[in-house]
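Some notes on the structure that comes next.
Numbered from 1 within each chain, the chains take letters A, B, ... in sequence-line order.
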Amino acid sequence: MSTDRDVTRIVRSWLDEGVTALPDRVLDAVLDQLPANPQRRTFWLARRLPPMNSTFRLGIAAAVLVIAAILGSSYINSQVGSDQPTPTPSPSATPVPLPSAGALAPGSYFLANSDPICAGGCSGYRWITFTLPAGWATSHGLVYKHLNQPGEVAFSAWTVDQVYADPCHWQGSALSPLELANHSHDATGAIILAPEDGGLANQALRGPLPRALTPVTLASVWSGVSGRVMVLRIDLSVPTELDVSTCDKGEFRSWTEWHVADGANSHHAPSQLDTVYMVDVDRRPLVIDASHMPATSEEDLAELEAILASMIIDRG
Amino acid sequence: MDTELVIRAQHGDEGAFTSLAVAVGDRLHAVAHRILRDTDLAEDATQQALLNVWRDLPQLRDPARFDAWSYRLLVRACYAEARRTRRWAPNLRLLPADEPMGADGTSLVIDRDQLERGFRRLSIDHRAVVVLHHYLDLPLSEVAEALGVPEGTVRSRLHHAMRGLRAALDADARPARREGAQ
């Protein structure tokens, strides 16, 4: 029988054999393709929108001055809630980086993984592209219409760390993994979840039990190859009668954010309805939270569905 | 890694990127070949990884982390190539005339074949850990950074992989049943 030391020695010796030089023709092919592969310019996304509490929903919004730079066009400084006139941005034909904040012209955008080097582990995607109609805006990673109004509709993307059992009294709450965090696949590729008492399906105050985890797919691209990626969808709600100011720090928190100190999704309000998509990518699942209110119009809901249908998860 | 070169390439300097690609190309290709165990797939993965380096370089916030970041892109490209081609096509190679012999007189070719079989049974995730740690000599903390997983996960994958390779080596070492055993 081999000892561990023998195996290591043999493996290292074996790995030392073989190819070490990149053929010149491969390098030449790379250099020949540079003009056809423009660099993707980006700027670093700011932190999440400040937590939404009842006072915030009464219309007291912090003034946010943002400078957004878009490839091939220019945005102006934009102030949320300002009365100053805002020139309409020109539409974009190819996906452009989602700005830090401001009104968004109709067109295609990409939301880059805020941690491209993925230090310590995060969701394995490069960016998410999607197409927006007119009337949408963004702030710190949240894309929305009618922010903080009865007809609000919005979506955001996350690398989730853990799920709070009690999203209102979260400071003393147990934490558990996201449903998709530990899973495997059967011979058909279908998702097999590890048994879990926690997760979003069992999160308190998020709607009637039992909660279905519905398998769906989203469009994806991986190394230039188009395909589909497996997703688990779950529909959640926030109680209508909940007074968020009674929650810890006045925040209703659904999950913590991976690798961000005190990072969490706290964009929740009474009666809010969240459709959460847990996307099966490498390492941690990518989570897309698409939210709306009971008063959201059918037209805006249809726009949100169209945006989700246009989404492509680029896994690099 | 020359961070000045990385910064210049980040700003679109194709000459700087060329120098960068020459500096890292051999190493990336060697890693890809050892992970994928196929010359054509490794060349495709390396080519794609270098193109992705060029394209995504502006997104690299810390140029000093270029090496770990480039390994990340390479391993992703290896995932993609492995998914494209699921059927194993062996790369034949000529055996040298003076094939080294083991202490018991058997050829070490047996070890290599067993290792090859055992290694191909590993997932890309596990192969990458073995190659980055045992070929590039990266400490486990740097392997974790390169792959974007916790160090504990790297340790677990390495343990699983080496156990599988040890089993592959030992499988040929087990004696055959004696004929006519009572």
Under 4.5 Å from any heavy atom of chain A - which part of Q48(B):
side chain

Applying a strict 4.5 Å limit to non-hydrogen atoms, the region of V130(B) in contact with chain A is both

If we only count heavy atoms from C-beta on, is the [X] to [Y] side-chain gap below 4.5 Å?
X       : Y      : value
D137(B) : R12(A) : yes
F17(B)  : V30(A) : yes
H29(B)  : V26(A) : no
R55(B)  : Q39(A) : no

Any pair with a residue in residues 11-25 of chain B that passes salt bridge (Lys or Arg N to Asp or Glu O under 4.0 Å), sequence neighbours left out, goes on the list, sorted by first then second residue, please.
R8(B)-D13(B)

Mind jotting down which residue pairs meet the salt bridge (Lys or Arg N to Asp or Glu O under 4.0 Å) criterion with at least one end in residues 125-136 of chain B? Sequence neighbours excluded, please.
D125(B)-R157(B)

Contacting region of T8(A) [heavy-atom separation from chain B under 4.5 Å]:
both

Measure L34(A) against the heavy atoms of chain B and call it side chain, backbone, both or neither at under 4.5 Å.
both

Taking all heavy atoms of [X] and all of [Y], pick out the closest pair and write down the distance.
X       : Y      : value
E116(B) : W14(A) : OE1-CZ2, 3.3 Å
R34(B)  : D16(A) : NH2-O, 3.7 Å
F110(A) : Q59(B) : CE1-NE2, 4.4 Å
W54(B)  : N37(A) : NE1-O, 2.8 Å
Y135(B) : T20(A) : OH-CG2, 3.9 Å

Evaluate the criterion side chain to side chain contact (heavy atoms under 4.5 Å, CB included) for residue pair L28(B) and L22(A); output intermediate values, then yes/no.
CA-CA 8 Å; L28(B) 293 181; L22(A) 180 68; over 6 Å; no

Is the count of non-hydrogen atoms from other residues, nucleotides or ligands lying under 6.0 Å from D197(A) atom CG greater than 12?
no

Neighbour count >12 (heavy atoms, 6.0 Å) for atom CG, D28(A):
yes

Would you find a donor on one side and an acceptor on the other, under 3.5 Å apart, between the side chain of W222(A) and the backbone of A80(B)?
no

With a 4.0 Å cut-off on N to O distance, would you call R166(B) and D6(A) a salt bridge?
no

Max heavy-atom pair count under 4.5 Å with chain A, selected residue of T153(B), N52(B), L50(B), D56(B)
D56(B)

Tell me, with the steps shown, if T46(B) and L27(A) meet side chain to side chain contact (heavy atoms under 4.5 Å, CB included).
CA-CA 9 Å; T46(B) 307; L27(A) 183 58; over 6 Å; no

